[in-house]
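Only this structure's heavy atoms are used, side chains among them; waters, hydrogens and symmetry mates stay out.
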Amino acid sequence: MRESLTRMLAFVVILIPISLAVIGIKLLRDTLFLIHSFGIPYLPLQLLIGLISLGAGFYLVGSFVLFRDRKHEKVQGRFLKRKV
């Protein structure tokens, strides 16, 4: 029971950055086709917001996967934390 609850929580945690990245892709696509989205008045601002949200989504998903793999020691030596 506890393990399934933990997996469900991990799924919800990873779903938030994925949706942020999807919104970023949508904003970039709409900027390419000159469509104003979400009430953003300027297309360059929409492009910037799309790039930031896409980058933030990928960064958060990547850091979550790296954290999980470090915990299970499934990464290369250069990605392990060094003890000082």
Side-chain angles (χ1 to χ4, degrees):
M1 176 76 178
R2 180 174 164 88
E3 184 176 323
S4 64
L5 184 63
T6 305
R7 286 178 188 248
M8 187 64 81
L9 182 64
F11 178 71
V12 170
V13 166
I14 203 69
L15 195 65
I16 294 168
I18 289 174
S19 62
L20 184 67
V22 167
I23 289 172
I25 290 172
K26 182 200 179 317
L27 286 173
L28 291 174
R29 186 201 61 188
D30 289 349
T31 303
L32 181 67
F33 293 116
L34 303 175
I35 300 170
H36 294 278
S37 296
F38 299 117
I40 302 172
Y42 305 109
L43 287 176
L45 180 63
Q46 182 173 315
L47 176 72
L48 183 65
I49 293 171
L51 285 173
I52 289 172
S53 65
L54 179 66
F58 277 154
Y59 177 77
L60 291 171
V61 169
S63 62
F64 177 79
V65 170
L66 181 63
F67 173 77
R68 184 180 54 96
D69 286 348
R70 275 183 183 162
K71 193 163 82 172
H72 297 294
E73 297 178 3
K74 293 183 179 182
V75 294
Q76 292 180 357
R78 64 181 176 166
F79 293 115
L80 292 173
K81 287 191 173 184
R82 295 185 181 113
K83 294 180 182 178
V84 178

Rounded to the nearest 0.5 Å, how far apart are [atom1] of [X] and [atom2] of [Y]?
X	Y	atom1	atom2	answer
H36	L43	NE2	CG	4.5 Å
L5	E3	CG	CD	11.0 Å
F64	D69	CZ	CG	10.0 Å
R29	T31	CZ	OG1	10.0 Å

Give me the atom names and distance for the closest heavy-atom approach of [X] to [Y].
X	Y	answer
G24	S53	CA-OG, 2.9 Å
L20	A56	CD2-CB, 3.9 Å
Q46	S37	OE1-N, 3.2 Å
A21	G57	CB-CA, 4.1 Å

Practice task
Treating Ile, Leu, Val, Met, Phe, Trp and Tyr as nodes and any side-chain heavy-atom pair under 4.5 angstrom as an edge, say whether F11 and I16 lie in one connected cluster.
Solution key: no
Exercise for the section: Examine distances only and state if a side-chain atom of R70 and a backbone atom of V75 form a donor-acceptor pair shorter than 3.5 Å. Expected result: no
Practice task
Report the hydrophobic cluster partners of L54, with the cluster defined as I, L, V, M, F, W, Y residues connected by side-chain heavy atoms closer than 4.5 angstrom, directly or transitively.
Solution key: I25, L28, L47, L51, F58
Completion exercise
Going by chain and number, the hydrophobic cluster around L45 (ILVMFWY, side chain to side chain under 4.5 Å) further includes I23, L27, F38, I40, Y42, I49
